[in-house]
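Residue numbering restarts at 1 for every chain, and letters A, B, ... go by the order of the sequence lines.
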Amino acid sequence: MSVSDIYIDLFRNNRQTIDAGIAPVINGCRERALQALSEYGLPNKKLEEYLHFDAEQLFAPDWGMNLGRLKMAVDYTEAFRCNVPNLSTLLYYLAGDTLVQSESAARVQLDNGVLIGSLNSMAKDYPELVEKYYAGIANMERSGIASINTMFAQDGLFVYVPDGVVVEKPVQLVSLLQSKVDMMVNRRILVVLGNGAQLKLLLCDHSIESRNALSVQVVEAYVGSGASFSYYDLEETHTANHRINELFIEQQSDSNVELKTITLHNGKTRNTIFATLAGRGASLNVDGVAITDKQQQVDNYTYIDHKVSDCTSNELYKYVLDQESLGAFAGRVLVRQDAQRTAAHQTNRNICLTRTARMFTQPQLEIYADDVKCSHGATVGQLDEKALFYMQQRGISESEARTLLMLAFVDEVIGNVKLEPLRDRLRRLVEKRFRGELGHCEGCNICK
Amino acid sequence: MLKIENLHASINGKEILKGINLQVNPGEVHAIMGPNGSGKSTMSNVLVGHPSYQVTEGSVTYKGKNLLDMAVEQRSHEGLFLSFQYPVEIPGVSMTNFMRTAINEKRKYLELPPLSPSDFLKLIKAKRDLVKLDSKFMNRSVNEGFSGGEKKRNEIFQMAMLEPSLSILDETDSGLDIDALRIVAEGVNKLKTPETSVIVITHYQRLLDYIKPDIVHVLYSGRIIKTAGPELALELEERGYDWLIKEFEDSQK
């Protein structure tokens, strides 16, 4: 029996439990997902984009899933503070896939028509709106992950920003892995930005238990014409916590999107981004930082589809790998025949601090238009010995000099986070990480 | 202050220094001259502890302590400074952060508390003025995009910040126009006290017009083949090294 068959069986045997209390919009997509999974299966290492990440193996254990939606007792807001100083956010907590209301989340509908709240509740209250977008761009023919996620999806977050509305405060979603037993969490996030809308979304993944856990999350984001969307995804969990995250994003004309994926602490992580530039003049920045040690593993895969002309995409991923950790980056850029005057640039730079740390990097440019500016560059190297010696001559100890060089290396990404308090906070977290002071999630009262 | 005895050093198994003897006393300025490839830069690198060089024989005593036993940063904390021939660019590390870390690591070594931010800024301002280094350089990455002259002025600025007791200036004059040379040399002279010493490594007399040496050595083939007063530098400027090398080779026969 293959790994996907286990999930197909689980799904069939628990269909009633899965559907119970869940909005028809969400339940209505399950059959389609089931068919896709039956046909295509889970990604395995035979696929080029999964060469260095064994997704099947991660799904193989008999994870418990909280399909019966048992309430968890802990008051998360007391247990946990993901405190970004000076950053006033609209703050939400997800325990597993369930929204835990905090004081600022009490009102799900803001005055200007903005909707923020539980995906399941919203799908019941606004079925037509959610149905229009839900499982629309999460391509299940292409991704077994999206199929599984859609089959079992019960809740998560929904954010809707109407045309022309600017959400000034960043929306922050803290996802907590918390369970006394080994567990798989399946979460779904849907973000819709109308034309000219603006939103900053900060996702923080944390864990407050050291149990084995697999977090499977699918994010769909629709970005309207002239809209502006910043998406920051920070993972800071435990070495026993694994994560598979897929972001599907579609951009209309003249929209601006900034995506940043930062892995500070984890077990095994796979981040996939499928971005479609569907309207002329759309611009996309995709950046990432991964800092790994021990046997941690981070695999970022991006697929940018330049469908139409005059769009821009810029990618910059930087990894610092220590000890026996493993990193992989593959970036595919597809420039279709009609996508003239495309500018697409991709850079991946990596530092292996030890001989046993490994990095695999693979740019994949597929260009069918003839009037384009495309470039890619990838390097794997060590810290600059000359710079280390120069700093030591000035009295800076070797370990401090190494820390300064590593901070400088990743600051090319962290330093251009537009949200200033978040940038300062990230710098501090990264510094603590490099100094070995970040063994688990920062700010977690339970771990302390 | 510094006593080098029979120093032999090699890189990748190739012997470069073949028995250097040199004593530098407090307050003295020594010039080390010599043709290309004679071992001048190797000597300065060995003194500050560059990991690529192996000392195979001999000893170096600095302020009565065994210098060769010390880590690179400890040599720095003990007051040894090298002005690099090719200062290294460090993208992403700001001058301010770099200097603050260096100063506070030294203070920690000396069991002093870290400098307060305001005292640190005052110190920077005072030392910048010494080498006429604009404040805008403090927010830039170390040496990144600096012109040749700016890099050398930055070396002397760092020297001023760290207040070393023995400074080695490795071809600080290379790549400098005459105005920059004057600023750099004036900076070095202002920092000079009766307790501090300087070793100037150079090809040319022209730097020595500004930084007056007490003693001039000629290094050739890993050995000091001639030591004399400042008049030797003038003679070398006029006659070149060939006559000295010939004299040395004849004496070896």
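- A donor-acceptor pair shorter than 3.5 Å cannot be found between the side chains of B:Glu89 and A:Tyr390.
- Interface remark: B:Pro87 contributes backbone and side-chain atoms alike to the contact with chain A (heavy atom separation under 4.5 Å).
- Partners of A:Glu235 under the salt bridge (Lys or Arg N to Asp or Glu O under 4.0 Å) rule, at least two apart in sequence or in another chain, are A:Arg243.
- Residues of residues 400-411 of chain A placed with any heavy atom under 4.5 Å of a heavy atom in chain B are listed by number as A:Glu400, A:Leu404, A:Leu405, A:Ala408.
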Review point. Taking it one step at a time, do A:Ile396 and B:Glu73 satisfy side chain to side chain contact (heavy atoms under 4.5 Å, CB included)?
Key: CA-CA 6 Å; A:Ile396 300 173; B:Glu73 55 267 30; over 6 Å; no

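- Heavy atoms of other residues, nucleotides or ligands lying less than 6.0 angstrom from NZ of B:Lys125 number 12 at most.
- Partners of B:His8 under the ring-ring contact (aromatic ring centres under 6.0 Å, His included) rule, at least two apart in sequence or in another chain, do not exist in this structure.
- Heavy atoms of B:Phe98 lying under 4.5 Å from chain A belong to its backbone as well as its side chain.
- Around atom NZ of B:Lys192, more than 12 heavy atoms belonging to other residues, nucleotides or ligands sit under 6.0 Å away.
- Both the backbone and the side chain of B:Leu82 come within contact range of chain A, judged by heavy atoms closer than 4.5 Å.
- Within 6.0 Å of the CZ atom in B:Phe120, the count of heavy atoms belonging to other residues, nucleotides or ligands exceeds 12.
- Crowding of B:Lys190 atom NZ: a count of heavy atoms from other residues, nucleotides or ligands under 6.0 Å exceeding 12.
- In this structure, chain A has a heavy atom under 4.5 Å from the side chain of B:Asn97, while its backbone stays farther away.
- Of the residues considered (B:Gln158, B:Met159, B:His77), B:Gln158 shows the highest number of contacts with chain A, using heavy-atom pairs under 4.5 Å.
- The ring-ring contact (aromatic ring centres under 6.0 Å, His included) check on B:Tyr53 picks up B:His50, with sequence neighbours excluded.
- Side-chain N or O atoms of A:Gln392 include none that pairs as donor or acceptor with a backbone N or O of B:Ser76 at under 3.5 Å.
- Between A:Arg394 and B:Phe81 the shortest side-chain heavy-atom distance falls below 4.5 Å.
- A:Lys386 and B:Val88 get closest at one heavy-atom pair: O-CG2, 3.8 Å.
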